[in-house]
2 protein chains.
Amino acid sequence: MTVTIYDVAREANVSMATVSRVVNGNQNVKPATRKKVLEVIERLEYRPNAVARGLASKKTTTVGVIIPDIANNLTAELTRGIEDIATMYHYNIILANSDQSEDKELQLLDTMLGKQVDGVVMMSNEVTDKIKFALEHTSVPIVLAGSIEKNHNIPSVNIDYYEAAYEAVNQLIANGHKRIAFVSGCLTYTVNGHYKLRAYEQALADAGLSTDSNLIYAEDDQYDDGLEAWSKLSTIENPPTAFFAGNDEIAIGLIHGAQDNGVNVPEQIEVISFENSKLARMVRPQLTSVVLPLYDIGAVAMRLLTKLMNKEQVEETNVILPHRIEQRQSIKTPAQP
Amino acid sequence: MTVTIYDVAREANVSMATVSRVVNGNQNVKPATRKKVLEVIERLEYRPNAVARGLASKKTTTVGVIIPDIANNLTAELTRGIEDIATMYHYNIILANSDQSEDKELQLLDTMLGKQVDGVVMMSNEVTDKIKFALEHTSVPIVLAGSIEKNHNIPSVNIDYYEAAYEAVNQLIANGHKRIAFVSGCLTYTVNGHYKLRAYEQALADAGLSTDSNLIYAEDDQYDDGLEAWSKLSTIENPPTAFFAGNDEIAIGLIHGAQDNGVNVPEQIEVISFENSKLARMVRPQLTSVVLPLYDIGAVAMRLLTKLMNKEQVEETNVILPHRIEQRQSIKTPAQP
DNA sequence: ATGAAAGCGCTAACAG
DNA sequence: CTGTTAGCGCTTTCAT
C-alpha cells in the first residue's frame with residue numbers, strides 16, 4: 001500500500017538504482033529519464049522512506065539536542081538558534097529535556113545515539129566527569145552550547161563568562177559601591193554560575209573590597225528567588241547597595257522586591273543582570289545587562305556541528321563569541337572620565 | 001566495528017531472534033539464556049540500532065512536533081508538556097518551527113512523515129484548508145494542540161477560548177467600563193485571535209455596548225505592540241478605560257505604556273490578559289488573566305496521541321480543558337454581589 | 001547512463 | 001523456549 005522506490009522503478013521502466021539517483025539529485029541520469037521518473041514519483045505520490053535510507057546510508061540527517069528545560073527562556077532562545085541552522089543544512093532535531101540531571105543526560109545521549117543521530121548539541125551547566133567521558137567516546141560529533149568543559153576537550157560555543165561577569169561587577173564598583181551582592185541560581189544548576197562567582201570575587205578583590213559571604217545568595221534562578229533574595233539581603237546588617245544578578249528573572253525579582261518596599265532603582269540600589277532576554281526591557285527601570293547571545297550560541301554551535309559531521313577541517317573547536325553590556329536604566333550612567 | 005545483534009548472538013551462542021527477544025523484553029526466554037545474553041550485551045556494549053528496528057517494525061517511537069516558534073513563551077510551555085508525556089511513553093520528539101507559515105507547515109509535515117514518525121502534534125493558529133486536507137490524509141494520527149480546526153475533524157486539545165474571552169471582557173464590563181479596547185496580535189497569527197475577537201464583540205453587544213473599531217488593535221503580539229497600542233489608543237477621542245489583552249506581553253506593554261505616562265493601573269485604567277504565563281506575576285500590578293494551561297494542553301495532546309497511535313478507543317477526540325481567570329491586581333476586585 | 005545485487009541491522013512470522 | 005528465514009525500503013559498489 002505504501003509506495004516504494006521499487007514501485008516507481010517498475011512504473012517508470014527503470015531500475016531502483018536510477019530512481020534512487022534522481023531522488024538524490026545524482027547528475028548521472030539522462031534528462032529524459034529523470035523527467036520520466038519524476039513524473040511517476042509525482043503521480044504515485046512517492047515519498048522516500050528516510051528510515052530505510054538511514055539504514056542503508058548510515059546517515060539520518062537528524063541531530064540530537066539535549067537541553068535542561070525548553071520551558072526556560074534561555075534554552076528556548078538557544079534552541080531556536082540551533083533549529084534554524086539545522087533546518088538550513090537540512091537536518092532535523094530530536095529535542096529532549098534533561099532537567100540538568102546527569103542520569104537523564106546520559107540516558108538521553110544513549111537513546112539518541114541508538115536512534116543514529118548524526119551529531120548532538122548539548123547544553124549542560126555541569127559537565128561532570130561521567131558526562132565528559134561519555135561525550136568523548138561517541139562515534140558522532142558533539143558540541144556543547146553555552147556550556148563549558150574545563151579541559152576544552154569537547155567542541156563548544158560560549159562567551160567569556162568570566163570576563164563578562166568581571167566587567168559587570170566592575171561597573172558596579174565604578175559607581176562607587178562597596179557592598180555588592182551576588183544573586184544567582186544554585187551554582188551547579190545555573191548557566192556557568194561558577195565563572196560568575198569567581199569573577200565577582202576577583203573583581204571585588206582587585207578593587208580592594210573584601211568578599212562577604214552574607215552577600216552571596218545562590219538558591220534557584222526564578223523570579224521568586226530574586227524577590228526572596230531581596231528580602232533576605234536587605235535586612236542584614238550593612239546591606240548591599242548594588243546587586244549582580246545571575247539572570248533577568250532574578251534581576252526583576254530583585255527590583256520588584258526593592259520597589260515593593262519603597263526602595264528606588266537605580267537611585268537607592270543598582271542592579272545589573274546577566275542575560276538580556278526580552279524580559280530585560282519589560283521592567284521599569286529596564287535592565288542593564290550583560291548580553292548573553294543565546295540564539296547566536298545555538299546557531300554557531302549547530303554550524304560547528306555541521307562542519308564536524310561533514311569532517312571539514314575546523315581551526316578552532318572552542319569558540320568564544322564576543323560579549324557586551326547593554327546599558328539601560330537599572331544602574332546609573334557610568335561616570336564620564 | 002559497530003556491534004550488531006548478530007555479534008551478540010554469536011558470542012552468546014544463541015540466535016539473533018533470541019537476542020531480539022531479550023532486548024525487547026519478550027517473556028519467552030529462559031532466565032538462564034536471558035542472563036547469558038544480557039552479559040554479552042553488557043560486555044560488547046551492544047546498543048540496538050533504532051533505525052534498523054524502525055525499518056523492520058514500522059514503528060520509530062518518535063513523534064513530530066510542529067509549532068510556530070519555540071522561542072515564544074507560549075509554545076515553549078506547550079512543548080514541555082508534550083515532551084514530558086512523550087518521554088513518559090518512551091517516545092522522542094522531532095521538533096520544528098513553522099513560523100506560522102503554511103508552506104513550512106506543509107513541508108515539515110512531509111519531511112516528518114518521510115522520517116516515519118508514529119504521529120504528530122501540531123500547533124497552528126490558522127488551520128487552512130490545505131493544512132486540514134494534509135492532516136486528514138496522513139497515515140499516522142495527528143493531534144492539534146491549542147489550535148482549532150473549525151469542523152472538528154481533527155483530534156485536538158484546547159480550552160473554550162470563546163467562553164474564556166467572554167468572561168474576561170465581562171469582568172471589565174462588570175466593573176463599569178463602557179469603553180473597552182481589544183489588543184491582540186494579528187488575528188491570523190495569534191492563538192485563536194478570532195475567537196477572542198468574536199467573544200469580545202458579543203460580550204459588548206450583550207451588555208448593550210456598541211463595538212467601536214477604533215478600540216480594536218491587532219498588529220503583532222509582542223511587548224512593544226502593547227506599548228504601541230497604548231500610545232495609539234490613549235490619544236484617540238474618548239479613549240478606552242479598560243483593555244482586554246490577547247496575551248501577557250501585550251498586557252505588560254499596555255501597563256507600562258500607561259505607567260510611563262503617569263496613568264495608574266488599575267485605578268485609572270484596567271487590564272485583563274489572556275495567558276497567565278510566569279510573566280503575569282512579573283509586573284506591578286500583577287496581571288489578572290485568563291489562564292491558558294499550555295503545559296496541560298501539550299501534555300493532554302500528547303497523551304491523546306499515544307492512545308491514537310495505539311489504536312485505543314477514545315471517546316472524545318476534541319478535548320476541551322477547563323479554564324479559569326486568575327485574579328490579581330491589574331483590574332479592581334470585582335464588586336461583591 | 002543504467003542495472004544487478006548485496007547488504008544496512010533488526011523484527012516477525014513460522015517451525016520445531 | 002529457541003532457531004530459521006524472509007523481508008523492511010533504500011544506498012551503493014560493481015558491471016556494463
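Since the structure is predicted, the reported quantities are computational estimates derived from the model, not experimental observations. In the text below, chain A, chain B and the rest are named by the order of the sequence lines, each starting its count at 1.
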- At under 4.0 Å between heavy atoms, what does A/V51 touch on the DNA or RNA strands: base, sugar-phosphate, or nothing? nothing
Tell me which donor-acceptor pairs under 3.5 Å the side chains of residues 28-35 of chain A have, and how far apart each pair is, sequence neighbours excluded?
from, atom 1, to, atom 2, distance (Å)
A/R34, NH2, A/N26, O, 3.2
A/K35, NZ, A/E39, OE2, 3.3

- Between A/T75 and A/D69, do the side chains contain an N or O donor and an N or O acceptor separated by less than 3.5 Å? no
Chain A reaches DNA chain C, atoms under 4.0 Å from its heavy atoms, from C/dA1 to C/dG9
A/M123 and A/E105 have their tightest heavy-atom pair at O-OE2, 4.3 Å
When rounded to the nearest 0.5 Å, the distance separating CE of A/M302 from CD1 of A/I93 is 8.5 Å
To the nearest 10 degrees, the angle between the two end axes of the helix from C/dA1-D/dT16 to C/dG16-D/dC1 (five pairs per end) comes to 30°
_Quick check: do A/T62 and A/Y91 have side-chain heavy atoms less than 4.5 Å from each other?_
no
Looking at A/R80 and B/D99, does any basic side-chain N land under 4.0 Å from a carboxylate oxygen? yes
Here the residues of residues 54-63 of chain B within 4.0 Å heavy-atom distance, strictly under, of DNA chain C are B/A56, B/S57
Check your understanding: So, is A/Y6 close to the D/dG7 phosphate, meaning a side-chain N or O under 4.0 Å from OP1 or OP2?
Key -> no
Query raised in the report: So do the side chains of A/L321 and A/N158 get within less than 4.5 Å of each other, counting heavy atoms only?
Result: no
From CZ of B/R10 across to P of D/dG3 the rounded distance in Å is 15 Å
4.5 Å side-chain heavy-atom contact, B/Y89 and B/T61: no
For this session: Evaluate whether atom CD of B/E42 has more than 12 neighbouring non-hydrogen atoms of other residues, nucleotides or ligands under 6.0 angstrom away.
Result: no
Original post:
Considering residues, nucleotides and ligands other than A/E316, do more than 12 of their heavy atoms fall under 6.0 Å from its CD?
Top reply: yes
Which side-chain N or O atoms in residues 129-146 of chain B pair as donor and acceptor under 3.5 Å with protein atoms at least two apart or in another chain?
from, atom 1, to, atom 2, distance (Å)
B/K132, NZ, B/N151, OD1, 3.0
B/T138, OG1, B/L135, O, 3.3
B/T138, OG1, B/V140, O, 2.7

Heavy atoms under 4.0 Å, any strand shown: does A/D7 hit a base, just sugar-phosphate, or nothing?
nothing
Are B/S156 and B/E149 side-chain neighbours, meaning at least one heavy-atom pair lies under 4.5 Å? no
- Message: Does atom CD (A/E312) have a neighbourhood of more than 12 heavy atoms from anything else shown, all under 6.0 Å?
- Response: yes
In numerical order, the residues of residues 18-36 of chain B whose heavy atoms come under 4.0 Å of DNA chain D are B/T18, B/R21, B/N28, B/V29, B/K30, B/T33
